[in-house]
Q: 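I am attaching a structure below and will ask some questions about it afterwards.
FYI, the numbering just counts along the sequence from 1.
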Amino acid sequence: MLKRITRSITSASIFLAAYFLLNIALRIALPHTLDLDEAEQSFYSQYLLAGYGPQPPFYNWIQYTIVSVTGISMWVLSVPKNIILFGCYLFYGLAAREVLKSRSLAAVAMLSLITLPQVGLMAQRELTHTVALLFATSLFLFGFFRTLRQPTIGSYLIIGIATGIGLISKYNFAILPFAALIAVLPEREWRGRLIDRRLLPAAVLAILIVLPHALWLPDNLASASAPTLERMTAEHLAPAGLPRIGQGLLSLIIAVLGFVALPIVLIAAAFRRDFLRALSSSSPMIRVIERMMVISLLAFVGVVLFAGASDIHERWLDPCLLVLLIYLFLKLETAGLDLSAGLARFRPVVPVFMVVILSILLFRIVGIQYIGTYTRTNVPFSGYVAELTATRKPVLIVAGTKFVAGNMRLEFPDVPVVIPFFPGPGVPEYADAKGPVLVIWRGETADDPTISPGFANDLVKSGIHLQELKTLTLPYLFGDGKRSFSIGYSWVEGGAK
């Protein structure tokens with residue numbers, strides 16, 4: 001059965017499609033409380049903007065487009081994400097097929113993406129913008145390898161489309177096309193691809209895709225870059241100078257090991273001595289991929305040395321190291337060994353990972369009382385809504401955070417949900433509200449719903465004056481009943497005072 005699945009990209013794609021359908025079904029079956037990234041998408045889907053803050057807008061544009069047609073729902077949040085993830089696997093398989101002679105090996109490389117923790121588990125658990133980045137990276141690799149092997153106007157345009165999408169998915173995607181460009185230069189047979197006239201329409205297409213956000217970025221550079229820079233520099237964790245550089249380099253090494261260790265161990269265990277023999281194999285394509293990965297990682301070293309970064313996250317390495325699995329299987333194939341025994345041992349890894357990932361996604365929510373660490377998805381938002389709206393319905397909801405705003409938007413799909421001063425200079429909806437307005441927030445901790453001074457000041461500046469602050473506490477979903485989550489809220493009448 002597994003051998004039939006890995007005979008071609010088509011059969012492997014059908015197998016993956018069934019897996020992603022299971023992921024959609026599981027997310028729909030679990031509580032409809034949204035995690036942080038899901039909540040952001042739910043809230044942002046009310047607006048079509050050139051920029052939304054620290055993350056580029058590609059995923060937001062997709063979500064807005066779909067929501068504007070269908071309305072907000074758990075289906076609308078889950079289905080597009082899984083389709084984009086499926087596209088990541090599909091184009092990764094097509095990229096593998098461009099460099100691997102064996103169709104079976106290309107299918108296995110495609111399926112083996114699930115062994116990368118950042119792709120198999122983390123992308124399914126809570127990420128959104130990174131999902132778009134993974135898709136753009138796979139699409140770029142497909143266009144890039146096809147252009148090296150058999151250049152056409154179509155392959156160049158794929159590179160342009162992927163570059164445009166990648167740059168407005170995550171800013172760190174810019175490392176990939178730069179690394180690919182430099183990696184090709186030493187190879188005489190492919191150097192001409194860089195001055196081909198077909199590269200010009202690809203570049204124009206990439207610029208057109210990026211242009212709306214690029215025009216927004218200069219005037220909003222602080223809001224777009226500050227949160228990421230704060231996470232990277234981790235000023236509260238490391239002093240300046242050499243200690244920070246040392247911490248940054250150590251963080252980079254740990255991130256690289258965390259990214260590559262599991263798939264390397266699994267492939268090495270499956271192919272055994274063949275894996276060790278294949279490490280010395282080389283070819284022009286292998287050398288290009290090696291340079292791409294090395295140049296990409298050197299770019300992060302530069303970020304540590306010159307930008308003061310001291311905390312590198314694994315997911316930031318996605319555009320640098322996603323090509324790893326193609327690289328490893330290309331090494332094995334180039335060595336000219338009989339890989340049938342290794343493939344037979346490796347194939348069962350994929351369905352096992354699928355079962356494990358689905359089990360983790362389920363158990364982290366429904367088995368939370370045995371784990372002890374409660375997730376955002378265990379917060380009982382549907383219970384809050386039932387209690388708060390038992391006697392009246394809001395015509396407007398003013399929320400303190402995107403997490404609260406997105407969840408309230410899902411619960412009240414026909415009611416505007418706003419956050420003070422986003423996206424404009426105030427809450428204009430409040431002045432026009434004809435009826436009760438629900439102001440709702442969460443505190444710094446689960447059991448302390450104290451309103452933050454910043455949110456309180458924003459409300460006053462927006463013309464909203466709270467008369468009575470109330471608290472609502474409910475137990476976590478699937479919890480032991482002993483631990484609860486509290487929110488603060490207040491009802492006010494709409495209209496500027």
Side-chain angles (χ1 to χ4, degrees), residues 2 5-6 12 15-16 19-20 22-23 85-86 88-89 92-93 95-96 100 105-127 130-131 133-135 137-138 141 172 176 250-279 286 289-290 292-294 296-297 300 311-333 339 341-364 371:
L2 288 175
I5 289 170
T6 57
F15 182 61
L16 279 170
Y19 169 69
F20 284 113
L22 287 176
N23 274 280
L85 267 177
F86 173 74
C88 167
Y89 281 77
Y92 196 83
L100 295 168
L105 207 59
V108 172
M110 169 186 178
L111 293 170
S112 66
L113 263 184
I114 201 169
T115 65
L116 286 172
Q118 291 299 316
V119 181
L121 178 60
M122 297 305 295
Q124 273 293 354
R125 198 178 78 176
E126 58 186 351
L127 303 177
T130 298
V131 170
L133 172 69
L134 292 171
F135 170 81
T137 301
S138 291
L141 292 175
N172 59 325
L176 178 59
L250 178 61
S251 173
L252 177 59
I253 293 171
I254 293 173
V256 171
L257 292 176
F259 195 104
V260 307
L262 182 58
I264 288 178
V265 168
L266 291 171
I267 293 174
F271 291 91
R272 301 177 183 176
R273 292 182 180 178
D274 289 343
F275 179 81
L276 296 177
R277 295 190 188 107
L279 291 179
I286 287 175
I289 296 175
E290 287 172 343
M292 286 172 61
M293 291 190 289
V294 170
S296 298
L297 293 178
F300 273 96
D311 186 19
I312 306 298
H313 295 190
E314 286 178 31
R315 65 179 179 272
W316 296 347
L317 304 177
D318 285 338
C320 310
L321 298 178
L322 194 69
V323 72
L324 173 72
L325 295 165
I326 293 176
Y327 169 73
L328 293 176
F329 284 108
L330 181 58
K331 280 262 188 184
L332 287 165
E333 185 179 66
L339 303 178
L343 284 173
R345 286 188 290 265
F346 185 79
R347 285 188 183 102
V349 169
V350 174
V352 167
F353 263 70
M354 289 178 172
V355 171
V356 169
I357 289 170
L358 289 169
S359 300
I360 291 173
L361 295 174
L362 174 64
F363 191 74
R364 67 185 287 265
I371 301 174

Q: Measuring from atom CG of Leu105 to atom CD of Glu333, what distance do you get when rounded to the nearest 0.5 angstrom?
A: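 Reported value, rounded in 0.5 Å steps: 5.5 Å.
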Q: Looking at residues at least two apart in the chain, or sitting in another chain, which of them share a side chain to side chain contact (heavy atoms under 4.5 Å, CB included) with Leu358?
A: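 Only Tyr19, Leu22, Asn23, Leu26 meet the side chain to side chain contact (heavy atoms under 4.5 Å, CB included) criterion with Leu358.
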Q: Are Leu297 and Leu317 close enough that some pair of their side-chain heavy atoms sits under 4.5 Å apart?
A: yes
Q: So, do Ile357 and Leu361 sit near enough that their side-chain heavy atoms are less than 4.5 Å apart?
A: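 The answer is yes, as the side chains (C-beta and beyond) meet within the 4.5 Å cut-off.
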Q: Apply side-chain hydrogen bond (donor to acceptor under 3.5 Å, both in side chains) to Tyr327 and list each qualifying residue two or more places apart in sequence or on a separate chain.
A: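 Tyr327 satisfies side-chain hydrogen bond (donor to acceptor under 3.5 Å, both in side chains) with Glu290 only.
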Q: Find the distance between OG (Ser138) and CD1 (Ile326) and round it off to the nearest 0.5 Å.
A: 7.5 Å
Q: Do the non-hydrogen side-chain atoms of Tyr92 and Thr137 ever get within less than 4.5 Å of each other?
A: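 Counting from C-beta outward, Tyr92 and Thr137 never come under 4.5 Å.
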Q: Out of curiosity, Met293 CE to Ile289 CD1, how far, rounded to the nearest 0.5 Å?
A: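 Spacing of CE (Met293) from CD1 (Ile289) equals 7.0 Å.
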Q: So which heavy atom on Arg345 is nearest to which on Pro348, and how close?
A: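 Between these two residues, the closest heavy atoms are O-CD, 3.4 Å.
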Q: List the residues meeting ring-ring contact (aromatic ring centres under 6.0 Å, His included) with Phe20, not counting sequence neighbours, and say none if there are none.
A: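 Expected list: Tyr89.
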Q: If I take atom CG from residue Leu332 and atom CG from residue Leu328, how far apart are they, to the nearest 0.5 angstrom?
A: 7.0 Å
Q: List in chain and number order the residues that pass ring-ring contact (aromatic ring centres under 6.0 Å, His included) with Phe346, two or more places apart in sequence or in another chain; answer none if no residue qualifies.
A: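 Phe329.
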Q: Partners of Ala12 by side chain to side chain contact (heavy atoms under 4.5 Å, CB included), sequence neighbours excluded?
A: Ala107, Met110, Leu111
Q: What pairs with Asp274 under side-chain hydrogen bond (donor to acceptor under 3.5 Å, both in side chains), at least two apart in sequence or on another chain?
A: Arg277
Q: Ignoring hydrogens and angles, write down the donor-acceptor pairs under 3.5 Å from the side chains of residues 250-267, residues two or more places apart or on other chains.
A:
unit_1: Ser251; atom_1: OG; unit_2: Ile312; atom_2: N; d: 2.7
unit_1: Ser251; atom_1: OG; unit_2: Ile312; atom_2: O; d: 3.3

Q: Is a side-chain N or O of Asp318 found less than 3.5 angstrom from the main chain of Leu134, in a donor-acceptor match?
A: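 Not at all, since once roles are kept as given, no pair shorter than 3.5 Å links the two residues.
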Q: Can you give each donor-acceptor pair under 3.5 Å made by side-chain atoms of residues 116-125, sequence neighbours left out, with the distance rounded to 0.1 Å?
A:
unit_1: Gln118; atom_1: NE2; unit_2: Glu314; atom_2: OE1; d: 3.4
unit_1: Gln124; atom_1: NE2; unit_2: Asn82; atom_2: OD1; d: 2.8

